[in-house]
Protein chains: 4
Amino acid sequence: MPSDYTIKLRSPVKAETNGHLSEKHEAILAAALDLFAERTYDGTPMPLVAERAGVGAGTIYRYFRSKEALVNAVYRRCMEHQRRLLLEDVPVEATAREQFRHWWRGMCQFATENPQGFVFLETHHHESYRDAESQELLDQVRAGAHTLVENAQARGEVRQATPDVLISLVFGAFTGLVKWTMEGDCGLTEETISDAEERVWQMLRP
Amino acid sequence: MPSDYTIKLRSPVKAETNGHLSEKHEAILAAALDLFAERTYDGTPMPLVAERAGVGAGTIYRYFRSKEALVNAVYRRCMEHQRRLLLEDVPVEATAREQFRHWWRGMCQFATENPQGFVFLETHHHESYRDAESQELLDQVRAGAHTLVENAQARGEVRQATPDVLISLVFGAFTGLVKWTMEGDCGLTEETISDAEERVWQMLRP
Amino acid sequence: MPSDYTIKLRSPVKAETNGHLSEKHEAILAAALDLFAERTYDGTPMPLVAERAGVGAGTIYRYFRSKEALVNAVYRRCMEHQRRLLLEDVPVEATAREQFRHWWRGMCQFATENPQGFVFLETHHHESYRDAESQELLDQVRAGAHTLVENAQARGEVRQATPDVLISLVFGAFTGLVKWTMEGDCGLTEETISDAEERVWQMLRP
Amino acid sequence: MPSDYTIKLRSPVKAETNGHLSEKHEAILAAALDLFAERTYDGTPMPLVAERAGVGAGTIYRYFRSKEALVNAVYRRCMEHQRRLLLEDVPVEATAREQFRHWWRGMCQFATENPQGFVFLETHHHESYRDAESQELLDQVRAGAHTLVENAQARGEVRQATPDVLISLVFGAFTGLVKWTMEGDCGLTEETISDAEERVWQMLRP
DNA sequence: TATGAATGAGCGTTCATTCAT
DNA sequence: AATGAATGAACGCTCATTCAT
C-alpha cells in the first residue's frame with residue numbers, strides 16, 4: 001500500500017545554497033562515488049554508504065529516492081566534471097594539434113583531480129541504470145569531440161577515417177594508460193603524459 | 001557453514017570427455033559468462049545463472065564450490081582463450097609490423113568469437129576474487145607483449161618509450177574501439193578493423 | 001504427483017537372512033547411530049550417513065522410507081538392545097538387592113558395549129519422531145522395572161515411595177555417572193561401577 | 001560473507017535499562033529457549049524463532065551476530081540462572097545435610113521457574129558451540145559442588161567416594177526425576193520433592 | 001540392486017527501504 | 001530534518017529425496 005501523504009523529497013535545486021549542495025548531500029555523493037569505484041554499484045550496501053558519509057541510513061533517502069537515483073546522481077556529477085574540462089575553453093580557432101592537446105590535458109586533469117570518478121565512469125559505462133540526463137551528458141561530450149574531429153578532417157589536419165572510430169581509439173588509449181598507472185604505484189608523471197600524448201596524436205595526424 | 005560430507009566436485013579434467021566439458025558444466029559457464037558480462041558479478045544472482053543454464057539452483061554447486069569459484073572459472077576460461085589467440089603462432093622472425101598485425105588480428109578474433117568474454121574481462125579486471133591461476137594467465141599475456149615490444153625496440157622497429165605505456169595505449173585503443181562497435185548495432189567490419197589497425201600502428205612505429 | 005507404480009521397500013524382515021540383516025542395512029544403521037549420537041539427528045545430513053556407511057546416497061532409501069524412518073529404526077534397535085540386557089534373565093526369585101545388581105550390571109554392559117547407543121537414547125529421548133513401536137519398547141522396560149520395584153516394596157526390601165520416582169532417580173543417577181565418565185577420558189572402571197552401585201542402592205533400600 | 005559495514009549489535013549491557021534487556025532482545029531469547037528446548041538447536045529454523053518472538057527475521061541479527069551467538073546467549077542465561085540459585089546464599093556454616101537441602105531446593109526452583117531452561121541445558125550439554133564464557137559458568141557450578149562435597153567428606157558428613165562420582169549421581173538423579181515429572185502431566189509436587197530429596201541424600205550420607 | 005547426479009524447498013543471513021521517534 | 005531500529009524479500013548455499021542409468 002503506497003503511503004497516502006506526500007513525501008517531500010529535497011530536490012537538488014532546493015538544497016543548493018549559492019550553487020553548492022548541502023553538506024550532507026555532498027558527503028553522501030562523495031561516499032557513494034568512493035565506494036562504487038572501489039567495489040561496484042551492486043557490491044556496495046547502502047548502510048555502508050551511510051556510514052562512510054557519516055549520516056544515518058535513512059538520511060540518504062531524504063536526498064535520493066533510491067539507490068539507483070543515487071548512482072545516477074554520481075554518474076551525472078562525474079560526467080559533468082568531465083564535460084566541463086573537455087568542452088569549456090576549447091580553442092576553436094587553434095590547430096587540431098592544439099585542440100587535441102587541450103582535450104588530452106583536460107582528460108589528465110580529470111583523471112588526476114577525480115581518480116575515483118574516472119574509475120567509476122570506466123566501470124559503470126554500460127549499466128542499465130544510466131538515465132536520460134546521464135545519457136545527455138555523455139552525448140554532449142561525444143558530439144563535441146565529433147565536431148572537432150570532423151572540422152579538423154575538413155581542414156586536412158586529421159586523418160580521413162570514421163570520426164567515431166578515431167574518437168573511440170583515442171579515448172580508449174587514454175583509458176588504458178590511466179588504468180595502467182593506477183595499477184602500479186607510480187602516478188601519472190608529466191613525462192608519461194606528454195610522451196603518451198605525442199604517441200596518441202600519431203593515430204590522428206594525417 | 002560448508003557441508004561436512006565430501007561433495008565430489010567434478011574437476012574440469014575429470015568432467016572432460018574428449019577434451020570438452022560435460023554439457024551441464026558448459027551450460028553453467030556459458031550462462032555465468034553471459035550474465036556477468038551483462039549485469040556484473042555482484043549484480044547476478046545465482047538462481048538466475050541456474051535458470052539461464054537450464055539447471056536447478058543446487059546443480060551449480062556440484063560443479064563449482066561457490067559463486068566465487070564460478071567467476072574464477074569464467075575468468076580463467078576467457079583469459080585462456082585470449083592467451084591462446086595472442087601467444088600461439090607468434091611470428092617470432094617477422095617484422096614488428098607483422099607481429100603487431102598478428103596481435104591485432106588475434107584480439108579481433110577474440111572479441112568477435114567471444115564478445116561476452118571480452119566485455120567480462122574488461123569489466124572484471126580489477127576484482128579481488130581473481131585467484132592465483134587467473135593472475136598467472138594475465139601475467140603471461142602481459143609478459144608476452146612486453147618481450148615483443150622490447151625486442152622490436154631493440155631492432156629499431158618500434159618507438160623508444162616505456163614498453164608498458166605503449167602496451168596500455170594499444171590495448172586501451174583496441175578496447176575503446178570494440179566497446180564503441182558494441183554500443184552501435186554495426187559489428188566490427190573488416191574495413192574498420194584494418195583502418196584502425198593502421199591507426200594504432202602509428203602509435204608504435206618509430 | 002505420487003508415482004503410480006509400487007515402490008518395493010525392502011522390509012526389515014525380508015532383508016534378514018538367518019536372523020541378521022543384510023550387510024548394507026547394517027552398515028547404514030551403524031553409521032546413522034554413530035552420527036546421530038555425535039551430532040544430533042537434525043545436525044546429520046543423509047549424504048554423510050551414506051558416506052560413512054560406504055553406500056550411495058540413494059541406497060539408504062531402499063532400506064528406509066525416510067530420514068525419520070531411519071532414526072526410528074536406530075532408536076528401536078538401541079532400545080531393543082537395552083531391553084534384552086535388562087529384561088532377560090532377571091533373577092525373579094532373588095532378593096531385591098540381587099535384582100538391582102542385575103539391572104545395574106545390565107546398564108553398565110549396555111553403556112560399555114554400545115556407548116553411542118547410550119548417548120543416542122539419552123539425547124533423543126524427547127523427540128517427536130519416536131513412533132509406536134519405539135514407544136512400546138520403552139514402555140516394556142519401564143513396566144519391567146515398575147513390577148520389580150512394586151514386588152520388592154511388597155516384600156519390604158525396597159523403600160515405600162512412588163515406584164516411578166524411585167525408577168527415575170535410579171536411571172537418572174546411572175545416566176549422570178556415565179555422562180561424567182564419558183566427558184573425562186577415564187572409562188567406567190570396575191571400582192567406580194561397584195562403588196556407585198552401592199551408593200545408588202542406598203536410595204532404594206528401606 | 002559477513003557484512004562490510006558496522007552493525008551496531010546491541011550489547012547485553014548497552015541494551016539494558018534498569019537491569020533488564022530491551023523487549024525485543026528478551027522476546028528473541030525467550031523464543032529461542034522455548035524452541036531449542038522443544039526441537040533442538042539444529043532442528044529450529046531461525047525464521048521460526050523470529051515468528052515465535054513476534055519480530056521480523058532480520059531483526060534477530062540486530063541483537064545476535066548469528067544463530068550460534070544466539071544459542072550461546074541462551075546457554076549463558078540459563079547457566080547464570082542456575083548458578084545464581086545454587087551458588088548464592090550457600091549456608092557455609094551449616095551441616096552437609098542442610099547444604100544438600102539448599103542445593104536440592106535450588107535445583108527444584110530452577111526446574112520449576114525455568115523448565116525449558118532445564119531441558120535446554122540437559123539436551124545441549126555436550127554441544128560444540130559452547131563458548132568460553134558458557135564453559136566458565138558451568139565450571140563455577142561444578143567447582144562449587146566439588147568444594148562442598150570435599151569439605152563435607154573431611155568433616156565425615158558425606159561418604160568417602162570420588163566427589164565427582166557423587167556429584168554426577170546426584171545431578172543425574174535429580175535430572176531423571178524432573179524428566180519423569182515433565183513427561184507425565186503431574187508437576188513437581190512438594191511431596192515428591194521432599195521424598196526424593198531424602199532418597200538422594202541416602203546416596204551421600206556416610 | 002545400487003548408484004549418484006539432479007532437484008528445489010528451505011536454510012542462515014543480508015540489505016534496500018520505511019517510519020516512529 | 002535526521003535518525004536508526006525494524007522489516008521481509010531475496011541472497012548464496014545445503015540437503016532430503018528422486019529417478020535415469
Side-chain angles (χ1 to χ4, degrees), chain A residues 2-3 5 7-8 10 15 22 24 42 44-51 55-68 70, chain B residues 1-5 7-8 10 15 22 24-25 42-50 54-68 70, chain C residues 2-3 5 7-8 10 22 24 42 44-51 55-68 70, chain D residues 1-5 7-8 10 15 22 24-25 42-51 54-68 70:
Chain A
S3 56
Y5 55 90
I7 299 172
K8 269 165 262 157
R10 224 176 207 303
S22 92
K24 294 214 149 124
D42 283 303
T44 305
M46 287 293 263
L48 182 57
V49 176
E51 186 180 271
V55 303
T59 303
I60 296 181
Y61 290 86
R62 302 196 64 75
Y63 293 91
F64 304 94
R65 199 179 308 285
S66 66
K67 196 183 182 187
E68 194 169 321
L70 173 58
Chain B
M1 190 168 29
S3 71
D4 298 295
Y5 51 94
I7 302 166
K8 273 163 242 148
R10 310 192 136 242
S22 93
K24 292 223 148 102
H25 199 140
D42 282 308
T44 306
M46 289 295 262
L48 187 57
V49 176
V55 302
T59 303
I60 297 180
Y61 294 87
R62 299 193 64 76
Y63 294 90
F64 303 93
R65 205 175 307 287
S66 66
K67 194 184 184 188
E68 193 167 323
L70 173 59
Chain C
S3 57
Y5 55 89
I7 299 173
K8 270 163 265 161
R10 226 177 204 304
S22 93
K24 294 212 149 123
D42 283 304
T44 305
M46 288 293 262
L48 183 57
V49 177
E51 186 179 271
V55 303
T59 305
I60 296 180
Y61 290 86
R62 302 197 65 76
Y63 293 92
F64 304 94
R65 199 179 308 283
S66 67
K67 196 183 184 189
E68 193 168 322
L70 173 59
Chain D
M1 189 168 34
S3 69
D4 298 294
Y5 51 94
I7 301 165
K8 271 164 243 146
R10 308 188 137 245
S22 91
K24 293 223 147 104
H25 199 142
D42 282 308
T44 305
M46 289 295 263
L48 188 58
V49 176
E51 186 186 296
V55 302
T59 303
I60 296 179
Y61 293 87
R62 299 194 63 76
Y63 294 90
F64 304 93
R65 203 175 307 286
S66 64
K67 194 183 184 189
E68 194 168 323
L70 173 58

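All values reported here derive from a predicted model rather than from experimental measurement. Below, chain A is the first sequence line, B the second, and so on; all start at residue 1.
- Rounded to whole angstrom, the span from the CZ atom of F64(A) across to the P atom of dA16(E) amounts to 15 Å.
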Take K67(A) and V49(A), measure what side chain to side chain contact (heavy atoms under 4.5 Å, CB included) needs, and give me the verdict at the end.
CA-CA 10 Å; K67(A) 196 183 182 187; V49(A) 176; over 6 Å; no
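- Closest-nucleotide positions on DNA chain F for S66(B) and G56(D) were compared, and the one nearer the 5' end corresponds to G56(D).
- Nucleic acid contact for S3(B): sugar-phosphate only, since backbone atoms but no base atoms lie under 4.0 Å from a heavy atom of the residue.
- Applying the Watson-Crick and G-U wobble criteria (two distances, each under 3.5 Å), dG8(F) pairs with dC15(E).
- Of the residues near DNA chain E, P47(A) and M46(D), the one whose nearest nucleotide (by heavy atom distance) lies more toward the 5' end is M46(D).
- Between the CG atom of D42(B) and the C1' atom of dG12(F) there is a distance of 12 Å, rounded to whole Å.
- Take the nearest nucleotide of DNA chain E for G58(B) and for I60(C): the residue whose nucleotide is more 5' is I60(C).
- OP1 or OP2 of dA2(F) lies within a sub-4.0 Å distance of a side-chain N or O belonging to Y63(A).
- Here the closest heavy-atom approach between residue P45(D) and residue G43(D) is recorded as CD-O, 3.5 Å.
- Pair check for dC13(F) finds dG10(E); Watson-Crick or G-U wobble, both atom distances under 3.5 Å.
- Atom-to-atom, NZ of K67(C) to C1' of dC11(E) comes out at 13 Å; the value is rounded to the nearest Å.
- You'll find that the side chain of V55(B) is closest to dT7(E), out of dA2(F), dG12(F), dT7(E).
- In terms of phosphate contacts, Y61(D) brings no side-chain nitrogen or oxygen within less than 4.0 Å of OP1 or OP2 of dT7(F).
- Nearest-nucleotide mapping onto DNA chain F: of P45(C) and A57(A), the residue sitting toward the 5' end is A57(A).
- Atom P of nucleotide dA2(E) and atom CZ of R62(C) are separated by 7 Å, given to the nearest angstrom.
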Determine, stepwise, if the pair T59(D) / Y61(D) fulfils side chain to side chain contact (heavy atoms under 4.5 Å, CB included).
CA-CA 5 Å; T59(D) 303; Y61(D) 293 87; over 6 Å; no
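- Rounded to a whole Å, the CG atom of L70(A) is 10 Å from the P atom of dT17(E).
- Side-chain atoms of K24(C) never come within 3.5 Å of backbone atoms of Y63(C) as a donor-acceptor pair (strictly under, hydrogens ignored).
- Between K24(D) and dA6(F), a side-chain N or O to OP1/OP2 separation shorter than 4.0 Å is present.
- Side-chain N/O atoms of Y5(D) include one lying less than 4.0 angstrom from OP1 or OP2 on dC15(E).
- With rounding to whole Å, E51(C) atom CD is found 14 Å from dC15(F) atom C1'.
- Rounding to the nearest 0.5 Å places OH of Y5(D) at 11.5 Å from CE of M46(A).
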